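Read the structure below first, then the notes.
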Amino acid sequence: MTNPNNATNTTVHSAEFISGHALSIPTLRLLKDDGTLYDGAQEPELDKATALKMYDTMVFTRVLDERMLAAQRQGRISFYMQCLGEEAAIVGSAAALDDKDMIMAQYREQGALRYRGFSLEQFMNQLFSNEKDLGKGRQMPVHYGSKDIYYMTVSSPLGTQIPQASGYAYAQRLRGLSNVTLCYFGEGAASEGDFHAGLNMAAVHKAPVLFFCRNNGYAISTPANEQFVGDGIACRGVGYGIKTMRVDGADILAVYQATKMAREQALASNEPILLESMAYRLGAHSSSDDPSGYRSKEEEDEWRKNDPISRFRLWLINKGWLDDAADTEQTSQLRQEILDALKVAEKVAKPGIEHMITDVYAEPTQQLQQQLNELKAHIKKYPDAYPVTAGRID
Amino acid sequence: MTNPNNATNTTVHSAEFISGHALSIPTLRLLKDDGTLYDGAQEPELDKATALKMYDTMVFTRVLDERMLAAQRQGRISFYMQCLGEEAAIVGSAAALDDKDMIMAQYREQGALRYRGFSLEQFMNQLFSNEKDLGKGRQMPVHYGSKDIYYMTVSSPLGTQIPQASGYAYAQRLRGLSNVTLCYFGEGAASEGDFHAGLNMAAVHKAPVLFFCRNNGYAISTPANEQFVGDGIACRGVGYGIKTMRVDGADILAVYQATKMAREQALASNEPILLESMAYRLGAHSSSDDPSGYRSKEEEDEWRKNDPISRFRLWLINKGWLDDAADTEQTSQLRQEILDALKVAEKVAKPGIEHMITDVYAEPTQQLQQQLNELKAHIKKYPDAYPVTAGRID
Amino acid sequence: MAKMNMLQAINNALDLAMAKDDSVLCFGEDVGHFGGVFRATSKLQEKYGRERCFNTPLTEQGIAGFANGMAAQGMKPVAEIQFADYIFPAFDQIVNETAKFRYRSGNEFNVGGLVFRTPYGGGIAGGHYHSQSPEAYFAHTPGLQVIVPRDPYQAKGLLLAAINSPDPVIFFEPKRLYRASVGEVPEAYYELPIGKAEVVQEGSDLTLLAWGAQMEIVQKAADMASEKDGISCEIIDLRSILPWDVDTVVESVLKTGRLVINHEAPLTGGFAGEIAATIQQQCFLHLESPIERVCGLDVPYPLALEKEYIADHLKTYEAIVRSMNF
Amino acid sequence: MAKMNMLQAINNALDLAMAKDDSVLCFGEDVGHFGGVFRATSKLQEKYGRERCFNTPLTEQGIAGFANGMAAQGMKPVAEIQFADYIFPAFDQIVNETAKFRYRSGNEFNVGGLVFRTPYGGGIAGGHYHSQSPEAYFAHTPGLQVIVPRDPYQAKGLLLAAINSPDPVIFFEPKRLYRASVGEVPEAYYELPIGKAEVVQEGSDLTLLAWGAQMEIVQKAADMASEKDGISCEIIDLRSILPWDVDTVVESVLKTGRLVINHEAPLTGGFAGEIAATIQQQCFLHLESPIERVCGLDVPYPLALEKEYIADHLKTYEAIVRSMNF
Ligand SMILES: Cc1ncc(C[n+]2csc(CCOP(=O)(O)OP(=O)(O)O)c2C)c(N)n1
Ligand SMILES: Cc1ncc(C[n+]2csc(CCOP(=O)(O)OP(=O)(O)O)c2C)c(N)n1
Ligand SMILES: [Mg+2]
Ligand SMILES: [Mg+2]
């Protein structure tokens, strides 16, 4: 008998459940806390320049996060989100890509932007929604994006980028490009229907997309054990027939290695891969959040020991690639650069009033043009009420 | 280190993918084609009366389907959907339930209605959308439902009943009822985001719901291998931490046994269970469909041999519980009854015009009342144009 | 009476409803222990247990589907959608399921008792994914009730009425007012009527209509028109968007002959269109000037230019004057 | 020229677009080998291969998300939603993503070239899940274009324009006319303008406005009014719901002084409200009678009482007479 149901065709004659935890997925870890490799672990191929770029990017992310969270506390920007604790997951995966692989992020992946060359000024312009922001000041802070560096503009609704990544990667394949799409999302976002749709469609239509789930233990206040019952997110791979790997998200070598392998596999056989990074969201969810209401300081402290940066730093020092003092000096210099850039960006004007209506359509419709004209006339009549734009209307 | 990621906490030091087919799920089958049991198979506890009721229900479904498809061809009803090939899956599962377990169906599960006591007249009234239809003639044929027999009214949008079943079952548990909810859906509907949401929520919130997937090989014209890549639908259970069983959907004893076990387990430990029935949609998708455009007669013929009714029939005859001649006589009598009922129902009047606006809200709003009044006045003015209602307006 | 802000009034309403009726449940993303990102469900889990007040996985379609099923069983689920901007994944469950549950079954089943609470609206530097006012999407959907309260007193009374309603309700909460709006609220249980608008200020020259957070704004515009031009505005809070109270608006416009409608959502396809269409029809011979709509521009809600975007009191004042001088 | 029904015209448009441009793809449920449940994509897989014309898994939100991603890469996906009633699971992807893609990124990315085709409307004994006309839900969403053709010629020209548009389009196809509407259609490539209404019959007494399958119905009503009462109707096909052609409607109403709007969707919150609100404002002093709306009742689309529900030619005729006799 043929089997049109598209499933295993073996028969048993006594009734037994398959356990909901029939599949147990281990976590790849290469680096020990002390920066040496585990026995039997193989170091990924990584030249010094790349390794240092990865390290610098992690540090950049860490320092930027510190600085901008402080800026938010001072009321200079309205909102911020840190990557704290997950820097290795982001930078390690981004570093394993080709520059023209598309990245579709959730919001906590500033390391990937930086690795691709997003400049300090570009970060600042977005954070201050000024007229130099590539996004024209239309979205909240941390919603970065840049066509030039193949980084899709971040969108707040969770999970929506997942089926989009499948479609994007399908298009890459049809165009004959040797590129994949990397799609980041949280373990919380993985509960959305779009996750299911995106993974299944990628599997069925052979889209070379790397689904990179950042399982960091929390979705705002909701702990992972109120988010799902299965074995993390990785165990869902088998539900879609997708090759899967789980990786220690605080171990940048492991993340790099897993992502490299995933990329090669995805391109070699035109198929999606699911990666799950296990790390911990060490900071608050966002500048609007205070985790003390839903988790203990002890838990946080425990995880603070698991710092992805110091682990990699030790490895670099062991290798003789990093000089402790020079590094410390460089970091304090970076702090100053960030502060300087911040001071510049916050003084840049906001986008002009015409950008109220541009980009809704490729060309503003007649109705929009008319709404803008009326708005301009109104602002001219009440300039004091609209200080941001009033002085700049022709 | 604690593990807030809610997942396996074992480590490996060399990178390897978990295969997308790491889990292979066998199919439970008890009855051979000749109506005898496989070696080692255990017969479920089933008394004669229940067994015969199951058989009668399957036959009823089969004969009703034949007759009503013909009625559709004659233009007497507008639409119809058969259960052909899946009768055992439906009746076997429905028979394993308590009368007060809620059933939430997709649309192809008339056997479950019948098993619960939905009368021939009730079927007919719905199919003819007449004024005796419990649904007041508002939905297309086969969208049955009845509060009295705990059968949720069918709704066309696919998959929507899945998270609803989780919510319903959660409420059953909170009320302290010893009842489960059985939720039927197709392998096509399992691609909807609502599937993902429904299974995950049931697992997290410990809702005693039996998810019963009818994997019948097709979603209209789309074969299962263009619907998913994984091992059927059952392999998704592990993604949600849900106990799972796959069963031959043409083997009513296996289905009965699996569903009974699932029900017990769900109630014992307040958890959802996933069941996957492997059978074949032998008929067209619906009366609007012609499968010859997308599958071969050979494939159909092959599967026609796998008839669920004849397999069970042989078992009953082997047991001495069924008399061949009496059964044949009974079936032809049933045919006549159906025809008679059909002739009655098609002459029953359509619902009155007031049912245009009832049940939109518990009480019609003032606006609706006014819309109805205007409509009545209009119909009175043009009675010939609205023959169904014109004669009956006060 | 107690002084409460809007969040406290909502929390108090939920608390009373849960105390009064075991079948009332609250859930949604971060709704449990944490009490919701705005703290509207604060302490409810502590008081009523994890089974009646809980976190859900992050899936709005799941929340809505779960709520539908629960309500069909006879429970009264009060489901929170964290931001109204994130209600769209639940759109099918709400528009095709919630709204049609009773009708399609011929009243065999219904989801009365179901309430979706969700914070909506702008003015909080939220950009287009934390500022939307999607009431018009739902107002085109027979079977739903759609409510927007303007202050703590209204919020409590309307929410209690919503939970007690035999029909499903979408309850939009003006998040800009969550803490900003403070007022006297009776501590006991009370309901305010669904489907009834309220004349909050009588006037003779012009009818000014709005709902939710815009009520403050139109009041300011009316005050300005009164002070600067001696114009007497009658101000109406629509409160229920669906079903809406045509009679109260008609009565007012028959008296004033002029109507200005204000809402936050974009102009095109917004609910002001429905109101204007109905009123021009019912008050045709009494209208002394065209009905004016003061709304958001037809663009996604912006961030840096939020102030310019908003249907503020100055734009409303201008419309009042325009209407008077027509 | 060739005689085609609407399905053939649509199929022909897709065929031409795929032949002309490699980046055009067609997909959706049953769209591949089978050619779609209505056969609109018939033979396209055979001609252009399984990678450019294919079945998708059964997930509208997935289809829309996939299409968004594909279009962001520069492809021109023409995604079919099997029935407009099933577009709601994709609502978030369309309203929050498709519509805002260009704006939110400051034009770094866009999904121009993306078209959602979907059969809409009643009159086919489909009940409330195979009959809906959801255009108003989308018309409240800046960033989308919404189009409804009335016949094969229009369908082909507008669909080709949609695929070639730099902005995403929702293309609603009146399924009742798929086979019923037959007409002469040029075989070559041509486009019809998006955002432009068409005066399909000039007249002097009253403007009659509709779109899609209702065009037939209003024509019948106009003929009846002409024959029975000598009323001269100017008939306009709106064609684009978003952006809509205010000027053409205003110009007509300035001439006739009267407007009757007809649509299939329920009255409340339907797009006729937007049109009436705009026109009463722009033509206030020229209106000789209230703008009339002839629409579906505010109930889910029924089955047995479909004939009574529909905004048919008799109801339209009555509105015309009412408007004339006001
Ligand atoms: C559709 C949708 N629902 C809700 C939200 C509100 N929200 C923003 S972030 C967040 C939690 C996300 O958690 P997770 O996916 O685990 O990512 P993490 O923040 O841990 O990186 C929520 C609920 C949203 N942005 N979109
Ligand atoms: C949301 C939604 N999308 C599309 C459809 C149209 N449709 C009706 S049945 C069907 C196929 C369902 O296949 P499956 O779930 O496998 O069930 P089967 O018909 O095989 O029993 C489709 C696509 C629908 N009813 N609802
Ligand atoms: Mg997380
Ligand atoms: Mg199927």
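What you see is a predicted model, and the numbers here were worked out from it, not measured in a lab. Lettering follows sequence order; numbering is per chain, from 1.
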| Are the side chains of C/F284 and D/I291 in touch, meaning some heavy atoms are under 4.5 Å apart? | no

| request: Heavy-atom distances under 4.5 Å only: say whether D/I279 touches chain C with side chain, backbone, both or neither. | output: neither

| chain C contacts, top residue of D/A99, D/A276, D/P266 (heavy-atom pairs, under 4.5 Å) | D/P266

| Max heavy-atom pair count under 4.5 Å with chain C, selected residue of D/G273, D/P300, D/P243 | D/P300

| request: Please tell me if the side chains of C/F326 and D/L285 come closer than 4.5 Å, counting only heavy atoms from C-beta onward. | output: yes

Enumerate, including both backbone and side-chain atoms, all donor-acceptor pairs under 3.5 Å from chain C to chain D.
from	atom 1	to	atom 2	distance (Å)
C/Q61	OE1	D/Q61	NE2	3.2
C/Q61	NE2	D/Q61	OE1	3.2
C/D85	O	D/N96	ND2	2.8
C/N96	O	D/Y129	OH	2.4
C/N96	OD1	D/Q132	NE2	3.1
C/N96	ND2	D/D85	O	2.8
C/R104	NH1	D/Y129	OH	2.8
C/Y129	OH	D/N96	O	2.4
C/Y129	OH	D/R104	NH1	2.8
C/Q132	NE2	D/N96	OD1	3.1
C/Y137	OH	D/H140	O	3.4
C/Y137	OH	D/T141	OG1	2.6
C/H140	O	D/Y137	OH	3.4
C/H140	ND1	D/T268	O	2.8
C/H140	ND1	D/G269	O	3.4
C/H140	ND1	D/G270	N	3.4
C/T141	OG1	D/Y137	OH	2.6
C/T268	O	D/H140	ND1	2.8
C/G269	N	D/E274	OE1	2.7
C/G269	O	D/H140	ND1	3.4
C/G270	N	D/H140	ND1	3.3
C/E274	OE1	D/G269	N	2.7
C/E274	OE1	D/R293	NH1	3.0
C/E274	OE2	D/R293	NH1	3.3
C/E274	OE2	D/R293	NH2	3.0
C/T278	OG1	D/R293	NH2	3.2
C/Q280	OE1	D/I291	N	3.0
C/Q280	NE2	D/I291	O	3.0
C/I291	N	D/Q280	OE1	3.0
C/I291	O	D/Q280	NE2	2.9
C/R293	NH1	D/E274	OE1	2.9
C/R293	NH1	D/E274	OE2	3.3
C/R293	NH2	D/E274	OE2	3.0
C/R293	NH2	D/T278	OG1	3.1

| Between D/V95 and chain C, which part of the residue has a heavy atom less than 4.5 Å away: side chain, backbone, both or neither? | side chain

| Toward chain D, the part of C/I241 with a non-hydrogen atom under 4.5 Å | neither

| field | Residue among D/G143, D/G270, D/C283 with most heavy-atom pairs under 4.5 Å to chain C | value | D/G270

